[in-house]
**Student:** 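Quick one: this structure, given as structure tokens, is what I'll be asking you about.
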Protein chains: 2
Amino acid sequence: MISFTEENYLKIIYKLSAETDHEISTNSVAELTQTKAASVTDMLRKLSEKQLVSYQKYQGVRLTEKGENLALIVIRKHRLWEVFLVNKLGFNWDEVHEIAEELEHINSEELVQRLDEFLGFPQCDPHGDPIPDRNGRMPELGYKNLSEIGETQVVIMMGVSQHSTNFLQYLAKIGLNLGVIIEVIEINDFDKSLTIKIGGDNQYFISYEVAKNILVKTF
Amino acid sequence: MISFTEENYLKIIYKLSAETDHEISTNSVAELTQTKAASVTDMLRKLSEKQLVSYQKYQGVRLTEKGENLALIVIRKHRLWEVFLVNKLGFNWDEVHEIAEELEHINSEELVQRLDEFLGFPQCDPHGDPIPDRNGRMPELGYKNLSEIGETQVVIMMGVSQHSTNFLQYLAKIGLNLGVIIEVIEINDFDKSLTIKIGGDNQYFISYEVAKNILVKTF
DNA sequence: ATATTTTTTTAGATTAGTCTAAAATTTATT
DNA sequence: AATAAATTTTAGACTAATCTAAAAAAATAT
């Protein structure tokens, strides 16, 4: 059996792995699990014994196939529950992350399958993140980060890759909601910050950091 | 904060309290929590420090008002999730107990309120057990145990007070489903076992033990 | 290439929840 | 009322997950 805590480590290692093809460092895991590096080291040894990660001390960690499958199951559950909370219970997209962090650990394959069906087999969650299917396959949605879009291009906002309440409320404030049309007016060479026009209307200045966390679809 | 485990103890003490107005014994709690008496003693001391139970050693335990409120919140969540699983996801009533045992510990008052609304503020769960409202008040459904019904009386089956898969599948086998009409044909003086007619049709012989766990409504 | 800084690991301790075995207390029996 | 039986508690130990402080290794800077 795999514990609540172990599942969390796997999920976090998975997320970090998505951004690099290097081994993942102990410290970066510690930051996301909100623990200390020493605790991470202990857990990595344990996960390694269970063959869920490959880990050599001082060399960082990566998921094995078995570990990745488990991580994908947790992510699938998280995202399906988010869809449930928003589409069925009427929560806002910036209110559901915490609750889904708990729901993602409920153990019942039957439940997940039925939930998926009840929700109409959604392809992505309320933040635009793809939902793995029952076999762990991620649908290819082809979204890009707003930071990769060139000047004068027009795109549609499809999601975010950062889910903190803070960030989502900032977006809501400047009118960056799912589905709005964004035109990149100008990119600042120096710090890669950009000026955008939202919904063909208001102009806003946003940092590279923000742009990197906004998912868009080109026409 | 109250832990998963503490919540379970409170829920179990609540259930035992419903059957008696005596203090609850350490052993009976141990049986339902699937732990040993020694572990229960430790936990009772801890719950007592938190003022969730009143407990004197060797004298058994009872819930304080604060403890009872928490127990009712857990029971409310358990029963609402069971309604969700059966009414929305299409599970059978004998498949939902285990899953609800996990879901009942999800922490979010907002979630429970919205779920309640989504389900149409149900009065009882799929086993006929009443669902406490947001203030912990149990609706008075006025059901009786089949074991209290006299000969020749006719009643409707409204629920069960025992949720093991075994028991529920036994009921399903002899046709004792929610809503069926039961006529008490004869009560055996010796062991209080009874002969009943189900749906005006088949006669069955059931033990006192079984009858005690069947909830019925009189006309 | 060496020294310094940063990262990671080890060692040893802590907390929650559990256990077994033995001691204490209560309840039941004669 | 004394003894036997059953129940409950204490004492001491274990596991999972965490921590701090110190040691070891790797990365960086001079």
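Note on naming: letters A, B, ... go to the chains in the order of the sequence lines (proteins, then strands), and numbering restarts at 1 for each one. Computed from a prediction, not measured in an experiment: that's the story for all the values here.
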**Student:** C:dA16 C1' sits how many Å from B:Glu7 CD, rounded?
**Tutor:** 15 Å
**Student:** Toward the 5' end of DNA chain D, which comes first, B:Ser28 or A:Met43, by nearest nucleotide?
**Tutor:** B:Ser28
**Student:** Without decimals, in angstroms, what is the distance between B:Gln56 CD and D:dT8 P?
**Tutor:** 15 Å
**Student:** Check the distance between D:dG12's P and B:Asp42's CG and give it to me in whole angstrom.
**Tutor:** 14 Å
**Student:** Using a 4.0 Å heavy-atom cut-off, does B:Phe4 contact any base of the nucleic acid, only the sugar-phosphate backbone, or nothing at all?
**Tutor:** nothing
**Student:** Are B:Lys88 and B:Phe118 in a cation-pi contact, defined as NZ or CZ under 6.0 Å from the six-membered ring centre and within 45° of the axis?
**Tutor:**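 B:Lys88 over B:Phe118 ring: yes.
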**Student:** Does B:Tyr9 make a side-chain N or O approach to OP1 or OP2 of C:dA16 shorter than 4.0 Å?
**Tutor:** no
**Student:** Round to a whole Å and report the spacing from CD of B:Glu49 to P of C:dT15.
**Tutor:**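 Rounded to whole Å, this separation is 13 Å.
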**Student:** Establish, with yes or no, whether the OP1 or OP2 oxygen of C:dT18 is under 4.0 angstrom from a side-chain nitrogen or oxygen of B:Lys36.
**Tutor:**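 Result: no.
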**Student:** Quick check for you: to the nearest 0.5 Å, what is the distance between A:Met43 atom CE and A:Thr35 atom OG1?
**Tutor:** 8.5 Å
**Student:** Quick check for you: to the nearest 0.5 Å, what is the distance between A:His78 atom NE2 and A:His105 atom NE2?
**Tutor:**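 Here the interatomic distance stands at 9.5 Å.
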**Student:** Can you check the A:Glu6 CD to D:dT15 C1' distance for me, whole Å?
**Tutor:** 12 Å
**Student:** Would you mind classifying the nucleic acid contact of A:Thr35 as base, sugar-phosphate or nothing, using non-hydrogen atoms under 4.0 angstrom?
**Tutor:** sugar-phosphate
**Student:** Would you mind reading off the distance between B:Glu23 atom CD and D:dT7 atom C1', rounded to a whole angstrom?
**Tutor:** 15 Å
**Student:** When you look at NZ of A:Lys15, are more than 12 heavy atoms from neighbouring residues, nucleotides or ligands closer to it than 6.0 Å?
**Tutor:**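 For A:Lys15, atom NZ is crowded (more than 12 foreign heavy atoms under 6.0 Å).
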**Student:** Over all strands shown, is B:Thr26 touching base, sugar-phosphate only, or nothing at heavy-atom distances under 4.0 angstrom?
**Tutor:**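 Sugar-phosphate, no base atom in range.
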**Student:** Verify the contact: side-chain N or O of A:Tyr58 to OP1 or OP2 of C:dT6, cut-off strictly under 4.0 Å; return yes or no.
**Tutor:** no
**Student:** Taking for each residue the nucleotide of DNA chain D with the nearest heavy atom, is it A:Gln34 or B:Leu44 whose nucleotide lies nearer the 5' end?
**Tutor:** B:Leu44
**Student:** What is the separation between atom CG on B:Asn8 and atom C1' on C:dA16, rounded to the nearest whole Å?
**Tutor:**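 That distance rounds to 14 Å.
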**Student:** Can you tell me if A:Arg45 touches the phosphate of C:dT9, counting only side-chain N or O atoms and a distance under 4.0 Å to OP1 or OP2?
**Tutor:**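 No, because none of the side-chain N or O atoms of A:Arg45 sits under 4.0 Å from OP1 or OP2 of C:dT9.
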**Student:** Strictly under 6.0 Å, is that where the ring centroids of A:Phe4 and B:Phe4 end up?
**Tutor:**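 Aromatic pair excluded; centres sit 6.0 Å or further apart.
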**Student:** Give a yes/no answer on whether the side chain of A:Lys57 brings an N or O atom under 4.0 Å of OP1 or OP2 in D:dA25.
**Tutor:** no
**Student:** Check the phosphate of D:dA6 against B:Asn27, side-chain N and O only, distance under 4.0 Å to OP1 or OP2. Yes or no?
**Tutor:**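 For B:Asn27, the contact criterion (side-chain N or O under 4.0 Å from OP1 or OP2 of D:dA6) is not met.
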**Student:** Separation of B:His22 atom NE2 from C:dT27 atom C1', in whole Å?
**Tutor:**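 Rounding to the nearest Å, NE2 of B:His22 and C1' of C:dT27 are 13 Å apart.
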**Student:** Is the shortest side-chain N/O distance from A:Gln59 to OP1 or OP2 of D:dA25 below 4.0 Å?
**Tutor:** no
**Student:** Please say whether more than 12 non-hydrogen atoms of neighbouring residues, nucleotides or ligands are located less than 6.0 Å from NZ in B:Lys217.
**Tutor:**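 Atom NZ in B:Lys217 is not packed in, count stays at 12 or less.
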**Student:** Which part of the nucleic acid, if any, lies within reach of A:Ser39 when heavy atoms closer than 4.0 Å are counted: base, sugar-phosphate only, or nothing?
**Tutor:**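 Since a base atom lies under 4.0 Å of A:Ser39, the category is base.
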